[in-house]
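Inspection log for the structure reproduced underneath, given as structure tokens.
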Amino acid sequence: QVPYQPSSPRQVANTLALLRGRAGKTVDLGSGDGRLVLEAYKQGLRPALGFELNPWLLCLANYRAWRAGYHGKISFLKKDLWKVNLSDCHNVIVFLAPSVKPPLATKLLAELPDDARVVAGRYPFPSWSPSSTLGQGLDQVWAYDIKEVRRQEQGRAQQSQI
């Protein structure tokens, strides 16, 4: 369980700035009230969907999508992020607690395509070096290009064998 903390308008803007110009399926893991998915869709990232386990937040996200005129255009699914296959995702948004990041890093590296980008909010991935970052303090977000992260991980593995 990860406590729900809504993203600030600045966090949303910073996240989408790091995804600007990208294409492909965009997912928010632990999408909460859906604000990041809604903004991703507005900015042309399609398809856009969120995974969320909390039924109240799912209801709120679907209501917000309906109110914005996007009912049926974006999806919020009650699915456990550990059980979904992310191999067709090119943009992944993650605003989750630090304790979740190490096992999630393993899952993302195993499943995402080389051209995928992961944007983390509130807390960076501890063992990854970001390709870019934006904002400061609580509004800071980190972008990781999976191909580069894999290259770094392979370099570390080779160093440890020496």
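Remember, predicted model here, so these are calculated numbers, not experimental data.
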Same apolar cluster: [X] and [Y], side chain cutoff 4.5 Å:
X	Y	result
L19	Y41	no
L86	V94	yes
L29	V37	no

### Task
Kindly state each residue pair satisfying side chain to side chain donor-acceptor pair (under 3.5 Å) with at least one member in residues 88-100, sequence neighbours excluded.
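Qualifying pairs, neighbours excluded: R22-N91, K25-D88, T26-N91, H90-D115.
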
Just verifying a value: how many Å separate [X] [atom1] and [Y] [atom2], rounded to the nearest 0.5 Å?
X	Y	atom1	atom2	answer
C89	I146	SG	CD1	11.5 Å
L16	E39	CG	CD	5.0 Å
L108	L104	CG	CG	4.0 Å
Q11	L134	CD	CG	11.5 Å

Side-chain contact test, heavy atoms from C-beta onward, threshold under 4.5 Å: evaluate it for [X] versus [Y] and give yes or no.
X	Y	answer
V149	V118	no
V84	V27	no
P102	S127	no

For [X], give me all partners under salt bridge (charged side-chain N to carboxylate O under 4.0 Å, His left out), at least two apart in sequence or on another chain.
X	result
D139	none
R122	none
R10	none

#### Entry: Sequence neighbours excluded, every pair satisfying ring-ring contact (aromatic ring centres under 6.0 Å, His included) that has a member inside residues 97-117
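Every pair satisfying ring-ring contact (aromatic ring centres under 6.0 Å, His included) with a residue in residues 97-117: there are none.
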
### Message
Give me each pair satisfying ring-ring contact (aromatic ring centres under 6.0 Å, His included) with a member in residues 96-128, each pair once, sequence neighbours excluded.
### Response
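As it turns out, the ring-ring contact (aromatic ring centres under 6.0 Å, His included) pairs with a partner in residues 96-128, which skip direct neighbours, are F125-W128, F125-Y144, W128-Y144.
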
### Message
Could you work out, with side chain to side chain donor-acceptor pair (under 3.5 Å) as the rule, every residue matching S87, not counting sequence neighbours?
### Response
N85

If every non-hydrogen atom of [X] is compared with every non-hydrogen atom of [Y], which pair is closest and at what distance?
X	Y	value
S131	D145	OG-OD2, 3.1 Å
K101	A120	NZ-CB, 3.9 Å
L36	S7	CD1-OG, 3.6 Å
L109	R150	O-NH2, 2.7 Å
L38	A68	CD2-CB, 4.2 Å

Who are the side chain to side chain contact (heavy atoms under 4.5 Å, CB included) partners of [X], not counting sequence neighbours?
X	result
Q140	T133, W142
A23	none
R151	K147, E148

Would you list the atom pairs, donor with acceptor, under 3.5 Å between side chains in residues 69-82 and any protein atom, with sequence neighbours excluded?
unit_1, atom_1, unit_2, atom_2, d
D80, OD1, W82, N, 2.9

### Query
Is a side-chain N or O of R35 found less than 3.5 angstrom from the main chain of R64, in a donor-acceptor match?
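Checked: no pair found.
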
Below 3.5 Å, can you tabulate the donor-acceptor pairs from side chains in residues 47-60 to any protein atom, sequence neighbours excluded?
unit_1, atom_1, unit_2, atom_2, d
E52, OE1, S31, N, 3.4
E52, OE1, G32, N, 2.7
E52, OE2, N54, N, 3.1
N54, OD1, W56, N, 2.8
N54, OD1, L57, N, 3.1

